[in-house]
Amino acid sequence: MKYDYLRIEKKWQDIWDDECIFRAEVEPDKPKFYALIEFPYPSGNGLHVGHARPYTALDILSRKRKREGYNVLFPMGWDAFGLPTENYAIANKVHPADVTRENVAKFKSQCKLLGYSFDWDREINTTEPEYYKWTQWIFLKLFEHGLAYKAKMPVNWCTSCKCVLANEEVVDGVCERCGADVERREKSQWMLKITAYAQKLLDGLKDVDYPERVKLQQENWIGRSEGAEVDFNTDAGDVLKVFTTRPDTLFGATYMVLSPEHPYLKKWSDRLNNYEEICEYARQAAHKSDFERSELNKDKTGVRLDGVSAINPVNNELIPIYVSDYVLMTYGTGAIMAVPGHDTRDWEFAKKFDLPIVEVVAGGDVSIEPYLDTETGTMVNSGFLNGMEVPEAKKAIIERLSELGLGTPMVNYKLRDWVFSRQRYWGEPIPIINCPKCGHVPLREEDLPLVLPDVDSYELTDSGESPLSQIREWVEVECPKCGGPAERETDTMPQWAGSSWYFLRYTDPHNTEELASQKAMDYWMPVDWYNGGMEHTTLHLLYSRFWHHFLYDIGVVSTKEPYKKRTSHGMILGDGGEKMSKSRGNVINPNDIVREYGADTMRLYIMFIGDFEKAAAWSSTAVKGCKRFLDRIWNLYGQLENSEKISKANETEIHKTIKKVTGDIEELKFNTAIASMMSLLNKFQDNGATKGDYSILLQLLNPFAPHITEELWQMLGHDGLLSATPWPAYDEEKTKDERITFAIQVNGKLRSTVELDADSTNDEIVEAAKRDEKVQRFIADKSIVKTIVVPGKLVNLIAK
RNA sequence: GCGGGUAUGGCGGAAUUGGCAGACGCGCCAGACUUAGGAUCUGGUGUUUCACGACGUGCAGGUUCAAGUCCUGUUACCCGCACCA
């Protein structure tokens, strides 16, 4: 009989569906396993092989865990709000909801084609009101707790599209879509105060099992720095605060710099003799995009404030103040004390403006270049700090500043608040009413969901407002508080919103009363294993952790961290090792592979392609190797010995393979797991195999290639589904060979091998080694001064 | 500039963490079956040498009986962040 993969795969997919074998229910006395993949954005291109890699990996893990007796939750859904759908809708004059429906259907059928064991009863979609009701509810909670606020923010403004862009949409300083210049504009935006959770998000990393590189990337993104806030009095009679990580270098602070957006510039306008010049500089700085401001950093620019100076608190020296765009308003206090002797940027600036450069940590020659190796070192030119080591000086100066009331220890973070507004249609409406009298008034909970209204045109408005602002009958409402005329917020939420809590909804997706029941969340949460792409490490992963910490703080969820373990897969590249893209024409569609080789081959190859965590290039020829493997499995069926027993000849290899596959799946080493099953098949072909031998191989291969193995399992005459049989166990004793081939080295070089009983004594091994013909040639005229025996491995004879 | 990572045959990649480098697969070579083969099966395949052997994990040193693995230095490439005080 021929291996008719298309017939077989359809047959078993229908059976799994009919028998609902992957449906998950709360079973309190069974250990649970919640496996999560990042739900996809259902784009018009359909599922591509890049999706198949992580989905197949966790499908394998889930199927295995299920057979090990775990109660497995492996759900799937759609992160369906977002720009591409909206743009497609604009271009083709269709409703984004219709586009979404079509794309979801396509994605779903593709997932089914690949035989994934998703529990489809728990399918969710972020664009459905039943779902986004709860996204809005969480927003209201954040608002209620002061973590959502509206603020004027500089935003990225595309001069051609006339709309606000997210940071991610600005690539190399230009608009990702149209290539036009992007400039900064002040705009009122909804913000989420993720900075309030900076320390918690940092601390939480200690309790989770994430790859080190993911933790490091999150730590760097949060960017905690310890230092001090120092007050500089000015001759204008007020106090200029700065943040510094190096208060010990205060004696070297020979000038100060304000960011062009610093409020003191305006405050001091009367005293500044060159206020016009300063304003002009600030205007130019504002016109520069972030990109320009950082790219064109070779040349430091700035203007001295003529009319105000600061007083260095440790030596009471009068020092000049400058404005320069190398100081950012968004970090620290927007003002710095400049220590040109020990900071590259300050040094460059001081050189250009001919400012004094003072060495305060001994070591370099600050007239030639800044001396930066100052984590340790001795203080000089620093008054009472002279002679102290750096760490000691840090303590001493903070103490002194505290006594003077001019400074306190301070921690700063690079993390900034989350810009939560989008002036777009296809997103969750923000459930706020703007009342001229009462300000921002939240919708009442019972008025949720605030349903996205239909609109005639999704085109953006000239003013950069959301298309929602065009629907006056939707916008104009009564204020829930005072009953007066008010307007709805017309901004929508970013795509990150729906994905920040979706894993909670999976635990109880049809609940109409709560985002999920306490019982369901208590049982299923936290997610045991979350796999996703490295590109989501700093945004999605951080955002969702933030929401979860918040939900924990208000008592909605019972764990601080949402994900116990996180792993990341590498990208799938095109045949030549380049990124797959339509323009290169190297995109592989999984449907084509399924049609030509079958889903089992597709699954097997995508796992065999290489190290799961690293990028891998697709190879059209290598796919065939996996098909060949399945063909050979299929063909072996006709040559089996009719015995249910495990054959003696294969027993050791079988136990070794069970051990290898069992362990490798848990470590995501799918490529070597498959290699070991290929080896076992080779063994079977050499030695012959019984039905018992063969059954074990089918059981191991089942999570990887679930369809063909079910079919062969049935052909063998077994009752019931293979997918429901227990995972095979191995006997450690039986993984050990009775005979072992020992390597024999002379002076560390391999000269021969000898096969001996595994329980041979060291003496016996050494004797056998010395007797070996080839070895004799190398030791004949020498005496052996030392022998080293590595049990079960090798002998090394040291001869002189 | 800062942070992280990678480097092994013609190719994708293995190597129980210091113990036979190149598992497994692709490709290639030879043979078998065949009217035919881009199907299948069998054998071979790191380089070099007629052979014994010698050499071989980006490069240069070192530690060790023994190094792809540990240490020091160095180069190239990839990813993330980037004037963060």
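In the text below, chain A, chain B and the rest are named by the order of the sequence lines, each starting its count at 1.
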Need one value for A/L794: base, sugar-phosphate or nothing, where a base atom within 4.0 Å counts as base even if backbone is also close, heavy atoms only. base
What's the NZ-P distance between A/K656 and B/A15, to the nearest Å? 15 Å
What's the closest nucleotide to the A/T741 side chain, out of B/C83, B/G19, B/C20? B/C20
In the strands shown, is B/U45 matched to any nucleotide by a Watson-Crick or G-U wobble pair with both distances under 3.5 Å, and which? B/G27
What integer number of Å spans the C1' atoms of B/U17 and B/C70? 11 Å
Could you tell me whether A/I798 contacts a base, only the sugar-phosphate backbone, or nothing, with contacts defined as non-hydrogen atoms closer than 4.0 Å? sugar-phosphate
Donor-acceptor side-chain pairing of A/T374 and A/R246 below 3.5 angstrom: yes
Please pick, from B/C26, B/G4, B/C24, the nucleotide with the shortest atom-to-atom distance to any side-chain atom of A/N682. B/C24
Report the distance from atom CZ of A/F612 to atom P of B/G5, rounded to the nearest whole Å. 20 Å
Answer for the Watson-Crick or wobble partner of B/C52, both distances under 3.5 Å, is none
Please check the phosphate of B/U40 (OP1 and OP2 only) for any side-chain N or O of A/R628 closer than 4.0 Å. yes
Sugar-phosphate, base or nothing in reach of A/N412, heavy atoms under 4.0 Å: nothing
Separation of atom NE2 in A/H262 from atom P in B/A85, rounded to whole Å: 17 Å
Of the listed nucleotides (B/C81, B/A85, B/C24), which one gets closest to any side-chain atom of A/L328? B/A85
Any idea which heavy atoms bring A/H536 and A/W496 closest together, and the distance? CD2-CZ3, 4.0 Å
If I pick the C1' atom on B/A36 and the same atom on B/G43, what distance separates them, to the nearest angstrom? 23 Å
Which nucleotide in the list B/G53, B/A15, B/G4 gets nearest to the side chain of A/T672? B/A15
Report yes or no: do A/D417 and A/T195 form a side-chain donor-acceptor pair below 3.5 Å? yes
Verdict with reasoning, A/N687 to A/N650, per side chain to side chain donor-acceptor pair (under 3.5 Å): CA-CA 7 Å; A/N687 294 347; A/N650 293 321; 3.0 Å; yes
Output the rounded distance in Å from CZ (A/R213) to P (B/C81). 15 Å
Can you check the distance between B/G19 and B/G44, where both ends of the measurement are the C1' atom (answer in whole Å)? 28 Å
Minimum-distance nucleotide to A/T244 side chain [options: B/A85, B/C20, B/G19]: B/A85
Between B/C71 and B/G27, how far apart are the P atoms? Round to whole Å, please. 39 Å
Closest approach to the side chain of A/A616, judged atom by atom: which nucleotide of B/C65, B/G13, B/G27 is it? B/G13
The side chain of A/D611 is closest to which nucleotide in this list: B/A14, B/G53, B/A85? B/A14
OP1, OP2 of B/G25 versus side-chain N and O of A/R632: anything below 4.0 Å? yes
Which comes earlier along RNA chain B counting from the 5' end, the contact point of A/C626 or that of A/G223, where each point is its nearest nucleotide? A/C626
How many whole angstroms separate atom CZ of A/R246 from atom P of B/A85? 11 Å
Hey, does the Lys NZ or Arg CZ of A/K241 hover above the aromatic six-ring of A/F232, less than 6.0 Å from the centre and inside 45° of the axis? no
Between A/N531 and A/T567: side-chain donor-acceptor atoms closer than 3.5 Å: yes
Taking the chi torsion of B/G53, is it syn (within 90° of 0) or anti (everything else)? anti
Distance only, no hydrogens: is a donor on one side chain within 3.5 Å (strictly under) of an acceptor on the other, for A/D346 and A/Y326? yes
Applying the Watson-Crick and G-U wobble criteria at under 3.5 Å, what pairs with B/U40? Answer none if nothing qualifies. B/A32
When rounded to the nearest Å, what value does the distance between C1' atoms of B/U72 and B/C79 take? 27 Å
With syn defined as a glycosidic angle within 90 degrees of 0 and anti as anything else, the base of B/U45 is anti
Using every non-hydrogen atom in the two residues, find where A/L205 and A/K215 come nearest and quote the distance to one decimal. O-NZ, 3.0 Å
Could you tell me how far apart A/M534 (CE) and B/G4 (C1') are, to the nearest whole angstrom? 8 Å
Donor-acceptor pair, side chain of A/Y197 and main chain of A/R545, under 3.5 angstrom: no
OP1 or OP2 of B/A67 under 4.0 Å from side-chain N/O of A/K749: no
Could you tell me whether the side chain of A/S760 and the main chain of A/L756 form a donor-acceptor pair under 3.5 Å? no
Choosing from B/G27, B/A54, B/A15, which nucleotide comes nearest the side chain of A/R751? B/A54
Assign each of A/A617 and A/S676 to its nearest nucleotide of RNA chain B by heavy atoms, then name whichever residue's nucleotide is nearer the 5' end. A/A617
A/T753 near the nucleic acid: base, sugar-phosphate alone, or nothing, with a heavy-atom cut-off under 4.0 Å? base
For B/C65, what is the paired nucleotide under Watson-Crick or G-U wobble rules, both distances under 3.5 Å? B/G19
Could you let me know what B/A76 is paired to, Watson-Crick or G-U wobble, both distances under 3.5 Å, or none if it's on its own? B/U6
So A/K669, base contact, sugar-phosphate only, or nothing? Heavy-atom distance under 4.0 Å. sugar-phosphate
Is A/S225 close enough to B/A85 that one of its side-chain N or O atoms is under 4.0 Å from OP1 or OP2 there? yes
Across all strands shown, which nucleotide pairs with B/C81 by Watson-Crick or G-U wobble geometry, both distances under 3.5 Å? B/G1
Measuring only the C1' atom in each nucleotide, how far is B/A30 from B/A54? A whole number of Å is fine. 28 Å
What is the distance from CD1 of A/I788 to P of B/A67, rounded to the nearest Å? 12 Å
What about A/K414: does its side chain form a donor-acceptor pair under 3.5 Å with the base of B/C81? no
Would you indicate which nucleotide in B/C83, B/A21, B/G25 comes nearest to any side-chain atom of A/L750? B/A21
P gap between B/G12 and B/G38, integer Å: 26 Å
Nearest-neighbour nucleotide for the A/Q745 side chain, B/C83, B/G19, B/G80 considered: B/G19
Report the distance from atom CZ of A/F742 to atom C1' of B/C20, rounded to the nearest whole Å. 12 Å
Nearest-angstrom distance, P atom, B/A7 to B/A15: 12 Å
Looking only at side-chain N and O atoms, does A/N220 come under 4.0 Å of OP1 or OP2 in B/A82? no
Look at the side-chain N and O atoms of A/N671 and state whether any lies under 4.0 Å from the OP1 or OP2 oxygen of B/G25. no
